[in-house]
S.K.: 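Take a look at the following structure, please.
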Amino acid sequence: MINQHYRELQDSYLFSTIARKVSAFQSSADLRQKPLIRMGIGDVTHPLCPAVVAAMKEAVEEMGRKETFRGYGPEQGYDFLRDAVRQYYAGRGVLLNAEELFISDGAKSDVGNILDLFEPNLTVCIPDPVYPVYVDTNTMDGRSIVYLDANEENGFLPLPDQRVKAGLIYLCSPNNPTGAVYSRDQLKQWVDYANGCGAVILFDAAYEAFIHDSALPRSIFEIEGARTCAVEFCSLSKTAGFTGTRCGYTVVPDELEREGLSINRMWLRRQTTKFNGVSYVVQRGAEAVFTPEGQRQTSETIAYYRENARIMAQALAAMGVSFTGGAHSPYIWLKCPDGLDSWSYFDRLLREAHVVGTPGVGFGRNGEGFFRLTAFGTREDTEEAMRRMQNC
């Protein structure tokens with residue numbers, strides 16, 4: 001009667017254990033002189049930018065007047081926002097039709113929901129370490145998962161294994177949790193592999209705005225051949241502070257077909273059946289992100305987080321700690337010093353520095369011995385946390 005694959009899911013061991021350990025420490029330690037600094041959570045700390053707030057206020061006023069009130073909106077998003085996102089892509093040389101863009105309540109939802117379009121008996125290639133949603137949503141459907149080794153030797157950027165015939169491939173660049181970024185040549189290898197075996201790449205670009213080197217791709221569709229093998233997911237959560245507001249977008253190109261069916265038309269059918277769309281007020285706020293003023297204001301916030309990452313990277317380098325990320329990502333993925341495992345390092349930082357991070361083993365087997373820190377805190381907390389870690 002029930003979906004038996006849910007028995008295969010692990011409990012939220014990582015974050016429940018973190019919460020338990022932190023709670024126990026808070027009840028026993030004197031935190032008055034050295035309060036806890038949390039650098040493990042991936043949430044943002046800066047508020048919505050003024051351009052977004054103004055647009056949402058105006059939209060609320062519209063909803064309160066009979067002549068401008070709006071009821072049900074299009075499930076795939078209002079044209080004004082789809083056009084704004086399309087122009088954003090065009091600014092990087094990626095030309096899209098409005099019908100290829102679908103507005104959503106965030107990348108996380110669509111990354112899981114897109115699986116409705118694919119049969120359960122596909123082989124899914126997922127990097128390890130990895131964002132847990134990729135694994136859990138496929139486990140729920142009973143798919144066979146082949147893990148791609150992301151490790152120090154390959155810079156946490158695995159490349160195709162020609163011995164594996166994949167059906168679906170998950171790629172995230174800049175990566176969560178490692179902060180690593182694929183080059184154009186590396187993504188080209190994945191695109192060629194997917195086109196060669198008929199696989200579909202599910203490309204998570206949620207952190208694309210943190211890339212500030214034009215040599216690095218911010219979209220899979222900057223790569224020749226991607227339109228016949230890839231779907232791209234993006235979100236305004238980290239780029240514009242929409243973690244509590246919820247808005248993102250998914251790109252499904254017209255050329256993407258499998259077994260004579262258009263993935264674009266299938267996704268449209270799925271969304272119009274199972275999704276009610278994002279509210280008008282939120283979409284007006286999202287539209288403001290892509291205005292010149294909105295781009296300037298959100299870029300300032302991203303620069304703030306990037307400076308936090310630079311401070312962290314500089315401090316770790318001074319300590320002789322090996323790490324990836326930080327340059328084009330809000331995440332620092334460091335190798336635990338002194339040969340400590342992930343949880344031992346967590347305990348040490350908590351006990352000696354009163355700093356909370358995320359044990360790498362929580363992101364997969366290859367995360368053992370590594371640790372994730374985020375740059376989404378305040379400048380003061382970031383600098384103080386690095387001083388404490390150096391003192392340790």
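No experiment lies behind these values; they were computed from the predicted model shown. Computation of the quantities below employed the complete heavy-atom set of this structure, encompassing side-chain atoms and omitting hydrogens, waters and symmetry-equivalent molecules.
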S.K.: If you measure from the Lys or Arg side-chain nitrogens to the Asp or Glu carboxylate oxygens, is any gap between R379 and E383 under 4.0 Å?
M.R.: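 Result for this pair is no, no salt bridge flagged.
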S.K.: Checking D254 against N97: is there a side-chain donor and acceptor pair closer than 3.5 Å?
M.R.: yes
S.K.: Do N121 and R143 have a side chain donor and acceptor closer than 3.5 Å?
M.R.: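 Their side chains do not contain a donor-acceptor pair, so the 3.5 Å distance test is not met.
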S.K.: Tell me, yes or no, whether the heavy-atom count around K21 atom NZ, taken from other residues, nucleotides or ligands under 6.0 Å, exceeds 12.
M.R.: yes
S.K.: Heavy-atom count around Q33 CD within 6.0 Å, excluding the residue itself: above 12?
M.R.: no
S.K.: Strictly distance-based, threshold 3.5 Å: is any side-chain N or O of N154 a donor or acceptor partner for the main-chain N or O of D149?
M.R.: yes
S.K.: Rounded to the nearest 0.5 Å, what separates atom CZ in F371 from atom CH2 in W333?
M.R.: 10.0 Å
S.K.: May I have all residue pairs that pass side-chain hydrogen bond (donor to acceptor under 3.5 Å, both in side chains) and include part of residues 48-65, sequence neighbours excluded?
M.R.: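 Every side-chain hydrogen bond (donor to acceptor under 3.5 Å, both in side chains) pair that includes a residue of residues 48-65, provided the two are not neighbours, is E62-R70, E62-Y280.
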S.K.: Kindly say whether A19 contributes a backbone atom to a donor-acceptor pair with the side chain of S23 at under 3.5 angstrom?
M.R.: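 Not at all, since once roles are kept as given, no pair shorter than 3.5 Å links the two residues.
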S.K.: Working to the nearest 0.5 Å, report the span between OG of S237 and NZ of K108.
M.R.: 10.5 Å
S.K.: Give, for atom OH of Y134 and atom CG of L115, the distance between the pair rounded to the nearest 0.5 Å.
M.R.: 12.0 Å
S.K.: Taking 4.0 angstrom as the limit, do E384 and R388 come out as a salt bridge?
M.R.: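 A salt bridge is present here (some side-chain N lies under 4.0 Å from a carboxylate O).
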S.K.: For the backbone of A375 and the side chain of N308, can you confirm whether one donor and one acceptor N or O come within less than 3.5 Å of each other?
M.R.: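 At least one qualifying donor-acceptor pair exists.
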S.K.: Run the salt-bridge test on D381 and R38 with the 4.0 Å N-O cut-off and return the result as yes or no.
M.R.: no
S.K.: Do side-chain atoms of S342 reach the backbone of G369 as a donor and acceptor pair under 3.5 angstrom?
M.R.: yes
S.K.: Using atom types as modelled, flag every donor-acceptor pair under 3.5 Å from a side chain in residues 40-56 to any protein atom, sequence neighbours excluded.
M.R.:
{"residue": "D43", "atom": "OD1", "partner": "T243", "partner atom": "OG1", "Å": "2.8"}
{"residue": "T45", "atom": "OG1", "partner": "F376", "partner atom": "O", "Å": "2.6"}

S.K.: Please evaluate residues E222 and Y89 with respect to the criterion side-chain hydrogen bond (donor to acceptor under 3.5 Å, both in side chains), reporting the C-alpha separation (whole Å), side-chain torsions for both, the decisive distance (0.1 Å), and the verdict.
M.R.: CA-CA 10 Å; E222 296 178 40; Y89 272 92; over 6 Å; no
S.K.: Do S344 and D341 get their side chains close enough for a donor-acceptor pair, meaning under 3.5 Å?
M.R.: yes
S.K.: So, S28 side chain and A24 main chain: donor-acceptor pair closer than 3.5 Å or not?
M.R.: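 Yes: the side chain of S28 pairs with the backbone of A24.
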S.K.: Using the six-membered ring of F363, assess whether NZ or CZ of R372 lies under 6.0 Å from its centre and within 45 degrees of the ring axis.
M.R.: no
S.K.: What is the distance from atom OG1 of T250 to atom CG of N264, rounded to the nearest 0.5 Å?
M.R.: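 One finds 11.5 Å between OG1 of T250 and CG of N264.
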S.K.: Would you say the side chain of L36 lies within less than 4.5 Å of the side chain of V356, judging by non-hydrogen atoms?
M.R.: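 Side-chain contact under 4.5 Å: yes.
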S.K.: Would the number of heavy atoms belonging to other residues, nucleotides or ligands and lying under 6.0 Å from CZ of R269 be above 12?
M.R.: no
S.K.: Nearest 0.5 Å please: distance from the CD1 atom of I220 over to the OH atom of Y182.
M.R.: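 Taking CD1 in I220 and OH in Y182, the distance rounds to 9.5 Å.
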S.K.: Is any side-chain heavy atom of I103 less than 4.5 Å from a side-chain heavy atom of Y78?
M.R.: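 With C-beta onward as the side chain, the pair stays apart.
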S.K.: Would you confirm whether R258, through its side chain, and I263, through its main-chain N or O, come within 3.5 Å as a donor-acceptor pair?
M.R.: no
S.K.: Do T272 and Q76 get their side chains close enough for a donor-acceptor pair, meaning under 3.5 Å?
M.R.: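 Per modelled atom types, T272 and Q76 side chains form no pair under 3.5 Å.
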S.K.: Are any side-chain N or O atoms of T228 and backbone N or O atoms of G225, one a donor and one an acceptor, separated by less than 3.5 Å?
M.R.: yes
S.K.: Does I145 reach the side chain of V135, with side-chain heavy atoms less than 4.5 Å apart?
M.R.: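 They are in contact (side-chain heavy atoms under 4.5 Å apart), so the answer is yes.
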S.K.: Using the six-membered ring wherever Trp is involved, compare the ring planes of F370 and F156 and label them parallel, tilted or perpendicular (cut-offs 30° and 60°).
M.R.: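 Correct class here is perpendicular.
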S.K.: When you compare the side chain of T291 with that of R296, does any pair of heavy atoms fall below 4.5 Å?
M.R.: no
S.K.: May I ask you to check whether Q390 and R387 show a side-chain donor-acceptor distance below 3.5 Å?
M.R.: no
S.K.: Taking side chain as C-beta onward, heavy atoms only, is L101 less than 4.5 Å from V251?
M.R.: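 Yes - at least one pair of side-chain heavy atoms lies under 4.5 Å apart.
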S.K.: Report the C-alpha distance between R270 and D110 in whole Å, list the side-chain angles of each, state the deciding distance to 0.1 Å, and finish with yes or no for salt bridge (charged side-chain N to carboxylate O under 4.0 Å, His left out).
M.R.: CA-CA 11 Å; R270 189 268 175 208; D110 281 3; over 6 Å; no
S.K.: Hey, are Q297 and E293 close enough side-chain-wise for a donor-acceptor pair under 3.5 Å?
M.R.: yes
S.K.: Without swapping roles, check the side chain of T298 against the backbone of G294 for a donor-acceptor pair under 3.5 Å.
M.R.: yes
S.K.: Please state whether the rings of F210 and Y207 are parallel, tilted or perpendicular, taking 30° and 60° as the class boundaries.
M.R.: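 Because their plane-to-plane angle lies in the 30° to 60° range, the rings of F210 and Y207 count as tilted.
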S.K.: State whether R86 and D83 are salt-bridged, where the test is any N-O pair (Lys NZ or Arg NE/NH1/NH2 against Asp/Glu carboxylate O) under 4.0 Å.
M.R.: yes
S.K.: Establish, yes or no, whether the cationic atom of R284 lies under 6.0 Å from the six-membered ring centre of F80 and within 45° of the ring axis.
M.R.: yes
S.K.: Classify the side-chain pair N175/T178 by whether it contains a donor and acceptor separated by less than 3.5 Å.
M.R.: yes
S.K.: Salt-bridged, E152 to K335, with N to O below 4.0 Å?
M.R.: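 Looking at K335 together with E152, the answer is yes, because their closest N to O distance falls below 4.0 Å.
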S.K.: Sub-3.5 Å donor-acceptor pair from the side chain of D136 to the main-chain atoms of V133, do we have one?
M.R.: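 Judged by distance alone, no pair lies under 3.5 Å.
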S.K.: Which atom pair, heavy atoms only, marks the closest approach of P160 to Y193?
M.R.: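 Closest pair (atom of P160, atom of Y193, distance): CB-CG, 3.6 Å.
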S.K.: Output the distance between atom SG (C125) and atom CG (L202), rounded to the nearest 0.5 Å.
M.R.: 11.0 Å
S.K.: Is the shortest heavy-atom distance from the side chain of W343 to the side chain of T17 under 4.5 Å?
M.R.: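 The answer is yes, as the side chains (C-beta and beyond) meet within the 4.5 Å cut-off.
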S.K.: Does a side-chain N-to-carboxylate-O contact under 4.0 Å join R227 and E100?
M.R.: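 Judged by the 4.0 Å cut-off on N to carboxylate O distance, R227 and E100 do form a salt bridge.
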S.K.: Could you tell me if the side chain of C234 sits less than 4.5 Å from the side chain of E208, heavy atoms only?
M.R.: yes
S.K.: Look at the side chain of H354 and the backbone N and O of K34, then say whether any donor-acceptor pair between them is shorter than 3.5 Å.
M.R.: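 Yes.
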S.K.: Going by distance alone, is a donor N or O of one side chain under 3.5 Å from an acceptor N or O of the other, for D105 and S109?
M.R.: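 On atom types as modelled, these side chains qualify, holding a pair under 3.5 Å.
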S.K.: Would you please name every residue forming a side chain to side chain donor-acceptor pair (under 3.5 Å) with T374, sequence neighbours left out?
M.R.: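 Not a single residue meets the side chain to side chain donor-acceptor pair (under 3.5 Å) criterion with T374.
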S.K.: Look at atom CD of E224 and say whether more than 12 heavy atoms of other residues, nucleotides or ligands are closer to it than 6.0 Å.
M.R.: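 No.
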